[in-house]
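Below, chains carry the letters A, B, ... as their sequence lines are ordered, and counting in each starts from 1.
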There are 2 protein chains.
Amino acid sequence: MTKTNTSSSLARVSELLQVISPEPRLEILLAIGTGEACVCHLEAILGYRQAYISQQLMALREAGLLDSRRDGKYNFYRLAKTGIFELLQNAAQIAEANLIKREPAMHKKQCACPHCAPAFSNSILVEPTH
Amino acid sequence: MTKTNTSSSLARVSELLQVISPEPRLEILLAIGTGEACVCHLEAILGYRQAYISQQLMALREAGLLDSRRDGKYNFYRLAKTGIFELLQNAAQIAEANLIKREPAMHKKQCACPHCAPAFSNSILVEPTH
DNA sequence: ACATTATATTCGGAATTAGGAATATGATAT
DNA sequence: ATATCATATTCCTAATTCCGAATATAATGT
């Protein structure tokens, strides 16, 4: 007895598609890729204001698409489900668009976070100034 | 030199996802399945008003997702791209929903269209009353 | 304690969208 | 020509979403 179309299943699919579809959210998902990214990072890469990025991340997180991990000042976001890339690939194909990258995002523009400036972060080489 | 993320590619993917995401449109896409359906049909199956169905069909058609074929009074709609079902399957999986059928939709509720009442439509058995 | 940096949240008005009512169009039948 | 049925379209407003500004919180440094 396989489950058939229930309104709640439809609603969940609808919600998923709605929540990822705004262009800035697609940009964020692609920027995160298979890696992780902090807010300042996405701010630097994508050029949106911090509060705006944060809002979009919240929406994606509440939808269960992103997980976050705090590391000191930084809050790193990553995809909660891998299937998202297949979905985007599929959508791109239908839309006749080639746009999907799934690398962990080597960042051209930089912020001060550990990922952008690894030499200066969490490093045992940097001694406390006590 | 493979094409990279252009804003227009992103925009197309965004538009695609947006246009299919409303629940009534998902219902319509699933109801059409791999077959075709006229408006009165979808009206009967889904219970939305005619004008509303028509509006949603227009939106999907303008987005290039549906083709239509006129047959007398009836206007039959079918999916313009097959990939749509893979997309929906994918979305359902991520949303932890099982809902996708891709049969040509055997209709429980009926309207007077050739597909619902095949015995009375276009049939050589029904002679004109001249 | 105070400053600074990273991030989150709240508020509100502008812009957009949803969807109902009414009506128009197009095909067929009489 | 008129009626009827299937479908499309226009109009309008309530509801929603977008996104900026301002502010709050949380961690770290000095």
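Each salt bridge (charged side-chain N to carboxylate O under 4.0 Å, His left out) pair with one or both residues in residues 74-85 of chain A, not counting sequence neighbours, appears once here: A/Lys81-B/Glu96. Evaluation of the side-chain hydrogen bond (donor to acceptor under 3.5 Å, both in side chains) test over residues 51-66 of chain B, restricted to residues two or more places apart or in two chains, returns B/Arg25-B/Gln56, B/Arg61-B/Ser68. Within the structure, no pair that satisfies the ring-ring contact (aromatic ring centres under 6.0 Å, His included) test touches residues 14-35 of chain B, not counting sequence neighbours.
For the pair B/Ile28 CD1 and C/dG19 P, the computed distance is 11 Å after rounding to whole Å. We find that CD of B/Gln18 is positioned 17 Å from P of D/dT16, with the value rounded to whole Å.
Axis angle, first five pairs versus last five pairs of the helix from C/dA1-D/dT30 to C/dT30-D/dA1: 10°, rounded to 10°.
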Table please: side-chain donor-acceptor pairs of residues 43-51 of chain B below 3.5 Å, with sequence neighbours left out.
from: B/Tyr48; atom 1: OH; to: B/Glu27; atom 2: OE2; distance (Å): 2.5

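Proximity of A/Arg49 to the phosphate of D/dC19: no side-chain N or O atom is located under 4.0 Å from OP1 or OP2.
Residues forming a ring pair (Phe, Tyr, Trp, His ring centres under 6.0 Å) with B/Phe76 (at least two apart in sequence, or on another chain): B/His115. Judged as a side chain to side chain donor-acceptor pair (under 3.5 Å), and not counting sequence neighbours, the contacts of B/Arg69 are B/Glu36. For B/Arg70, the side chain to side chain donor-acceptor pair (under 3.5 Å) criterion is met by no residue, not counting sequence neighbours.
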Which letter, B, S or -, goes with each nucleotide of nucleotides 3-18 of chain C from 5' to 3', with contact meaning a protein heavy atom under 4.0 Å? --SSBBBB--------

Going through the distances and angles, do A/Leu26 and B/Leu17 end up as a side-chain contact (heavy atoms from CB on, under 4.5 Å)? CA-CA 10 Å; A/Leu26 293 176; B/Leu17 295 172; 4.0 Å; yes

